[in-house]
There are 2 protein chains.
Amino acid sequence: MGAKERKERQKTEMREAILSAALKLFSDDGYDTVTMRKIADEIEYSVGTIYLYFRDKNEIFFELHNRGFAEFFQKQLSVQNIENPLERLTAHGTAYIQFAIDRPEYYDLMFISRTPSKEINKNKHWTEGERTYDLLKLNIRQAMEAGYFKGVDLEVAAFSLWSFVHGIASLFIRDRLMMVPVESLKPLVAGALKFLERAY
Amino acid sequence: MGAKERKERQKTEMREAILSAALKLFSDDGYDTVTMRKIADEIEYSVGTIYLYFRDKNEIFFELHNRGFAEFFQKQLSVQNIENPLERLTAHGTAYIQFAIDRPEYYDLMFISRTPSKEINKNKHWTEGERTYDLLKLNIRQAMEAGYFKGVDLEVAAFSLWSFVHGIASLFIRDRLMMVPVESLKPLVAGALKFLERAY
DNA sequence: TTCCCTTACTGAACATTGTTAATTTTCTGA
DNA sequence: TCAGAAAATTAACAATGTTCAGTAAGGGAA
């Protein structure tokens with residue numbers, strides 16, 4: 001009598017297949033070259049079928065945005081075992097930027113593209129973004145307890161640190177660093193993170 | 001015998017008209033809603049005509065990008081009379097962010113959108129961006145002479161400061177600041193700039 | 001097994017986009 | 001005035017997201 005359950009399972013499997021296909025295309029050539037027809041070809045169904053599982057293209061990209069965050073959050077957590085709060089914060093920043101470099105399409109979708117922000121604006125609540133922000137605040141709070149950020153408001157510190165790493169990541173991803181030679185990018189980023197420590 | 005000259009003038013006037021029309025549409029509803037046909041309607045010519053004056057849509061947006069920079073550079077220069085290097089740098093940052101808030105579409109086109117970066121990549125040289133970057137470096141150098149940024153590399157400092165303000169601007173423009181209430185945005189930005197001063 | 005209703009899927013069609021090229025209109029200089 | 005050049009138009013093309021009438025498949029009851 002598991003007919004209903006099987007139906008459910010098939011439904012999620014199909015959604016899964018669509019998302020995987022979209023992700024594949026998207027990682028290969030960037031998300032603005034992904035078309036509904038290409039996705040349909042990839043899963044070997046017709047275009048119309050996709051619309052039985054997703055309201056529209058935005059919804060697909062919003063789901064991919066969520067997957068990006070899942071992977072991102074893993075990476076973020078991997079530095080949490082570092083004892084020294086200062087070191088941990090900088091490692092946190094490095095991991096952030098490294099994610100942007102390794103997974104530029106994901107980063108773009110999560111923090112730059114307008115595509116998912118329309119979806120986000122509907123519920124007026126960006127769960128994934130907030131979770132990341134909270135982790136950052138946690139690490140800053142612990143650094144504060146260790147004597148850093150004297151006289152600095154927690155919100156201000158979190159906003160500043162996030163803006164800083166996001167600025168680096170998004171200038172890189174959207175190709176606005178032509179004036180710095182590629183080979184000096186890495187030391188520049190490391191230097192910038194060291195520089196920011198002076199404000200801690 | 002000024003026929004040739006008149007032709008030239010008419011040509012630039014037409015380009016001008018097209019750019020103005022594009023700018024109008026673009027400021028009203030955002031650049032991704034601007035279509036060639038809407039521009040054509042606006043200037044009361046047919047679509048094809050636009051292609052006699054611009055190679056393609058990218059070229060139009062690249063020109064708008066240049067205009068954005070002209071306005072931007074004006075604003076940037078307006079803080080150059082401030083004597084104190086520290087104050088001047090922070091005013092520089094404030095002016096940067098204020099431009100992004102006042103002219104979000106321009107800022108987006110100049111520093112975020114992929115549209116003009118394709119055009120930029122052709123000559124492999126981003127004149128407008130470099131000019132801005134040089135002004136920033138000038139101000140940092142003068143702050144260094146006044147004793148700030150001890151032991152910091154000029155390139156690192158410039159990269160850091162730019163990333164910082166760009167991070168703020170682009171998170172704002174691309175709607176990724178849902179977790180901060182609108183009313184606290186202004187003090188947050190001011191606080192962030194003050195916070196960064198600690199690293200100077 | 002057979003029948004029928006629900007569910008799943010298809011694919012042609014639509015409107016909108018940037019871009020092109022053949023055609024028509026306008027201008028210009030002898 | 002008129003032929004050649006320049007400017008402008010318009011229909012067309014391919015690609016896009018999305019919809020919907022039609023077709024196929026599935027599954028429970030007789």
Side-chain angles (χ1 to χ4, degrees), chain A residues 1-19 21-22 25-26 28-65 109 113-119 122, chain B residues 1-19 21-22 25-26 28-65 109 113-119 122:
Chain A
M1 183 54 61
K4 209 155 207 154
E5 287 77 7
R6 197 196 54 223
K7 281 290 177 58
E8 270 311 303
R9 184 158 37 81
Q10 284 179 337
K11 185 120 194 167
T12 64
E13 270 168 12
M14 187 59 136
R15 279 181 68 98
E16 201 59 29
I18 291 168
L19 288 173
L25 295 167
F26 156 100
D28 290 351
D29 307 315
Y31 63 87
D32 43 325
T33 75
V34 176
T35 71
M36 298 305 262
R37 282 169 182 83
K38 281 192 203 163
I39 297 174
D41 280 358
E42 190 72 28
I43 61 171
E44 296 181 292
Y45 279 82
S46 68
V47 223
T49 305
I50 299 174
Y51 289 88
L52 302 173
Y53 296 89
F54 292 92
R55 198 180 344 94
D56 55 21
K57 207 184 169 190
N58 275 337
E59 205 186 43
I60 294 177
F61 280 116
F62 180 68
E63 283 303 322
L64 288 182
H65 147 283
L109 203 56
S113 162
R114 283 211 154 105
T115 307
S117 73
K118 286 172 200 158
E119 204 71 17
K122 265 177 215 154
Chain B
M1 185 56 56
K4 208 152 208 157
E5 287 76 6
R6 196 195 57 219
K7 279 288 176 61
E8 270 312 303
R9 184 158 35 82
Q10 283 179 337
K11 186 120 192 166
T12 64
E13 270 169 12
M14 188 56 138
R15 277 181 70 96
E16 200 59 28
I18 292 168
L19 289 172
L25 294 167
F26 156 101
D28 290 352
D29 306 317
Y31 64 87
D32 44 324
T33 75
V34 177
T35 71
M36 297 306 260
R37 283 170 182 82
K38 280 192 204 164
I39 296 174
D41 281 357
E42 190 72 29
I43 60 170
E44 296 181 293
Y45 278 82
S46 66
V47 221
T49 304
I50 299 174
Y51 288 88
L52 302 173
Y53 297 89
F54 292 92
R55 196 179 348 95
D56 56 19
K57 206 185 170 190
N58 276 337
E59 204 185 43
I60 295 176
F61 280 117
F62 180 68
E63 283 303 323
L64 288 181
H65 146 283
L109 203 56
S113 163
R114 285 211 153 105
T115 307
S117 73
K118 286 172 199 159
E119 204 70 21
K122 265 177 217 154

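Below, each value reflects all heavy atoms present in this structure, side chains not excepted, and no hydrogens, waters or symmetry copies. A note on names: the letters A, B, ... follow the listed sequences, proteins ahead of strands, and every chain is numbered from 1. Since we're looking at a predicted model, the values are computed, not measured.
- Here the CG atom belonging to B/Leu109 is positioned 11.0 Å from the CD atom belonging to B/Glu63, to the nearest 0.5 angstrom.
- Between C/dT19, D/dT18, D/dT9, one nucleotide has an atom nearer to the side chain of B/Lys57 than all others, and that is C/dT19.
- Look at CD1 on B/Ile18: it is 13 Å from P on D/dA7, rounded to the nearest Å.
- Looking at the side chain of A/Met14, the nearest of the listed nucleotides D/dG17, C/dT17, C/dC9 is C/dC9.
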CA sep, side-chain torsions, deciding dist, call: B/Ile18, B/Tyr45, side chain to side chain contact (heavy atoms under 4.5 Å, CB included): CA-CA 10 Å; B/Ile18 292 168; B/Tyr45 278 82; over 6 Å; no
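- Across the protein-nucleic acid pair, A/Glu44 atom CD and C/dA8 atom C1' stand 17 Å apart, rounded to whole Å.
- In this structure, A/Ser46 reaches the C/dT10 phosphate: one of its side-chain N or O atoms is under 4.0 Å from OP1 or OP2.
- A 6.0 Å sphere centred on CD of B/Gln10 holds more than 12 heavy atoms belonging to other residues, nucleotides or ligands.
- Side-chain contact between B/Thr115 and B/Lys57 is absent, with no heavy atoms from C-beta onward closer than 4.5 Å.
- Straight-line distance from the CD1 atom of A/Ile50 to the P atom of D/dT19: 13 Å, rounded to whole Å.
- What separates CG of A/Leu52 from C1' of D/dC20 is a distance of 11 Å, to the nearest Å.
- The nearest whole Å value for the distance from the CG atom in B/Asp32 to the P atom in D/dT16 is 18 Å.
- Scanning atom types as modelled, one donor and one acceptor separated by under 3.5 angstrom connect the side chain of A/Arg37 and the base of D/dT18.
- Regarding B/Ile39, its CD1 atom lies at a distance of 8 Å from the P atom of C/dG18, rounded to whole Å.
- Rounded to whole angstrom, the span from the CZ atom of A/Phe54 across to the C1' atom of D/dT19 amounts to 18 Å.
- At the heavy-atom level, B/Thr35 lies under 4.0 Å from the strands shown only through sugar-phosphate atoms.
- Within the 4.0 angstrom heavy-atom criterion, only backbone atoms of the sugar-phosphate kind lie near A/Tyr53; the bases stay farther away.
- Rounded to a whole Å, the CD atom of A/Gln10 is 15 Å from the P atom of D/dA25.
- Residue-to-nucleotide proximity on DNA chain C shows that, of A/Val47 and B/Asn58, the 5′-proximal contact is made by A/Val47.
- Residue contacts for B/Tyr51: at a heavy-atom cut-off of 4.0 Å it reaches a base atom on one of the strands shown.
- Side chain of A/Asp56 to main chain of A/Glu59: a donor-acceptor pair is present (N/O by atom type, distance under 3.5 Å, no hydrogens or angles).
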